[in-house]
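For reference, the structure discussed in these notes is given below.
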Protein chains: 2
Amino acid sequence: MPTRQSSDASKSKAAVSDVYASMRASILKGEIAPGARINIDAVSRSLGVSQTPVREVLQRLEGDNLVVYSPGRGYSTTPLLDLPALRSLFEFRLLVEPWAARSAAVDRLANPAAALEKELSDIRASLQTGVDARQELVAHDTRFHDTILLSAGNPVVQHAFAQTHCHLHTFRLYPADIDGAITIAEHATVREAIAACQPDRAEEAMAEHIRNSFARFAQAFEGKADLSPLESDGPPRRHIVI
Amino acid sequence: MPTRQSSDASKSKAAVSDVYASMRASILKGEIAPGARINIDAVSRSLGVSQTPVREVLQRLEGDNLVVYSPGRGYSTTPLLDLPALRSLFEFRLLVEPWAARSAAVDRLANPAAALEKELSDIRASLQTGVDARQELVAHDTRFHDTILLSAGNPVVQHAFAQTHCHLHTFRLYPADIDGAITIAEHATVREAIAACQPDRAEEAMAEHIRNSFARFAQAFEGKADLSPLESDGPPRRHIVI
DNA sequence: TTATTCTGGTTCCTACATGATTTTGCGCCG
DNA sequence: CGGCGCAAAATCATGTAGGAACCAGAATAA
């Protein structure tokens, strides 16, 4: 009797949701080894469900860029981001997020300053009691940036950014020893500019934060790569086109 | 005997591929009526396949934003883009594509001027013999913009842009009477700037092209909507929209 | 050493059961 | 007589089980 042993309220409906959470956690924890192939049958039996929900979950994970699909050969986990991929990702963020910060820094009801302030005090409090600071920090970072992007009010940009799952990927290679204080301080700077309704300052603060953030992550690759800064060419290029 | 009658070489493997092409065409042609729910069982029986490949296809179509999924209620086709959604889409393009044009307008092997020139002469020739100009024009537009984006050399930006499927959506509301000559002329301007390796000019030409393109599409909404241009109010707001 | 065949394993699809959701029809109240 | 609400039934999404085709790798023969 292959009954589902996961949640006591094992009615039925939570199947795909449970499987998604489980597989995603497995990949993020590195239990499946980046680049390895995923056996649908093995996973389904190990989780006590059928193959259909597992396949559905795999297709969703493909949208998250956590697995790749080869027709006729099944699914494999994606390898960790290398430095060029990380740079591409942060260049994209540098294209989108300063624009979002500028859009958010206006005197309107959409101004997210209050929500950002709450988020900042929450994370400060949470780090005091500090359990699993790494997870907390990434979660805070996600919420902070998502809030700003949301208040920019462009669903297409928001969706495109969400599809990159940048926080999800950076979580995979987040060094355990990073000090969150710097990140939070930069967040506070961004929030102040937004609260003051100064678009230029907000844009620049966000751009600076992303550049610094990339530099911090790039140090995880130290020794093997060049570490040249994100923007190489001279004149301070406007990311905002008229 | 529920044999598959689609392709004569009905080995088996083409199932999901066939279904995908078929459903996608149905939605784009409007045969399923935007906003209507999709009955998995009906589709599977009508195409002579089982429910599993249909579900797989629906999940892929969800990534294309052609259907939406409600847990427990299945899939529905997405409604046609309304004016605000179209504006959001073109604002995203205005954020990404001028940057890509700038990045492409450099004196490197990645410079796509030659490919763009071939693309332009191809479409000009194709329009002479003109069969189904609408389809040809959208296909050309897709290739032209994709080429520029590709040579910008950022996979993340490229993927994020591809995920918007902007040409796929604009195809759904492409007016039949639009004259492609203007579009092609603007493309030629962009190409010239890229060929001349003038980043500023390329960036501006692309931005101008996208603004004009939006204006042309917005005319499809004439009568029902405000038709305010992308940047409505007085001070140059750097395309921040409410 | 190279080509061919065979076998093990895995993906992919079909068919069916089940539970939730929507719709329809009937009775009741205003 | 018309509108509202509840209940029963049909409908449909979701999950399960199993089988057939297919790819990969190994062993054997030339």
Side-chain angles (χ1 to χ4, degrees), chain A residues 1-24 26-27 32-33 35-63 66-78, chain B residues 1-24 26-27 32-33 35-63 66-78:
Chain A
M1 54 191 73
T3 55
R4 194 172 306 106
Q5 78 283 10
S6 60
S7 53
D8 49 344
S10 64
K11 296 306 295 179
S12 67
K13 240 358 184 359
V16 60
S17 195
D18 283 353
V19 174
Y20 179 76
S22 172
M23 295 196 66
R24 181 177 150 126
S26 288
I27 295 177
I32 309 194
R37 282 178 61 174
I38 296 181
N39 188 331
I40 294 183
D41 190 53
V43 172
S44 69
R45 259 184 292 108
S46 113
L47 292 181
V49 295
S50 181
Q51 296 183 355
T52 305
V54 173
R55 178 170 315 195
E56 187 161 334
V57 163
L58 281 172
Q59 287 177 6
R60 201 177 302 181
L61 288 173
E62 191 190 10
L66 283 178
V67 302
V68 289
Y69 171 71
S70 312
R73 298 180 55 174
Y75 294 88
S76 318
T77 54
T78 53
Chain B
M1 50 193 73
T3 57
R4 196 172 307 108
Q5 79 285 9
S6 58
S7 51
D8 49 344
S10 63
K11 295 307 293 179
S12 68
K13 238 359 183 359
V16 60
S17 195
D18 283 353
V19 174
Y20 179 77
S22 172
M23 295 194 66
R24 181 179 152 126
S26 288
I27 295 177
I32 309 193
R37 284 178 58 175
I38 296 180
N39 189 333
I40 293 183
D41 190 52
V43 171
S44 69
R45 259 183 292 107
S46 114
L47 293 181
V49 295
S50 181
Q51 297 182 353
T52 305
V54 175
R55 240 188 295 179
E56 187 162 333
V57 164
L58 281 171
Q59 287 178 4
R60 202 178 302 180
L61 288 173
E62 191 190 10
L66 283 178
V67 302
V68 288
Y69 172 71
S70 312
R73 297 180 56 178
Y75 294 89
S76 319
T77 56
T78 52

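Sequence lines set the chain letters: A, B, ... in the order given, protein chains first and strands last, and positions in each chain run from 1.
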- Note on the structure: Whole-Å distance, A:Glu56 CD to C:dC12 P, equals 15 Å
- In whole angstroms, how far is the P atom of D:dT14 from the CD atom of A:Gln59? 13 Å
- Exam field: side chain A:Arg37 to backbone A:Arg73, donor-acceptor pair closer than 3.5 Å: yes
- Query: Are any non-hydrogen side-chain atoms of B:Thr77 and B:Leu66 less than 4.5 angstrom apart?
  - Reply: no
- Answer yes or no: is there a donor N or O on one side and an acceptor on the other, between the side chain of B:Thr78 and the main chain of B:Val68, under 3.5 Å? no
- Task: Please name all residues satisfying side-chain hydrogen bond (donor to acceptor under 3.5 Å, both in side chains) with A:Ser26, sequence neighbours left out, ordered by chain then number.
- Result: A:Glu31
- Query: Given atom CG of A:Leu47 and atom C1' of D:dG15, what is their separation to the nearest angstrom?
  - Reply: 14 Å
Can you pull every protein N or O that's under 3.5 Å from an N or O on nucleotides 8-10 of chain C?
unit_1 : atom_1 : unit_2  : atom_2 : d
C:dT10 : OP1    : A:Asn39 : ND2    : 3.1
C:dT10 : O5'    : A:Asn39 : ND2    : 3.3

- Item | Whole-Å gap separating P (D:dC12) and OH (B:Tyr75) | 17 Å
- Taking the side chain of A:Ser50 as its heavy atoms from C-beta onward, which of D:dT16, C:dC13, D:dG15 lies nearest to it? D:dT16
- Message: I'd like to know if A:Gln51 reaches the base of C:dC12 with its side chain, counting only an N/O donor and acceptor under 3.5 Å.
- Response: yes
- Residues which pass salt bridge (charged side-chain N to carboxylate O under 4.0 Å, His left out) with A:Arg45, listed by chain and number, not counting sequence neighbours: A:Asp41
- Query: Taking side chain as C-beta onward, heavy atoms only, is A:Ile27 less than 4.5 Å from A:Val67?
  - Reply: yes
- Message: Rounded to whole Å, how long is the line connecting atom CZ of A:Arg55 with atom C1' of D:dG15?
- Response: 13 Å
- Against the side chain of B:Pro53, the closest entry in C:dT11, C:dT14, D:dT14 is C:dT14
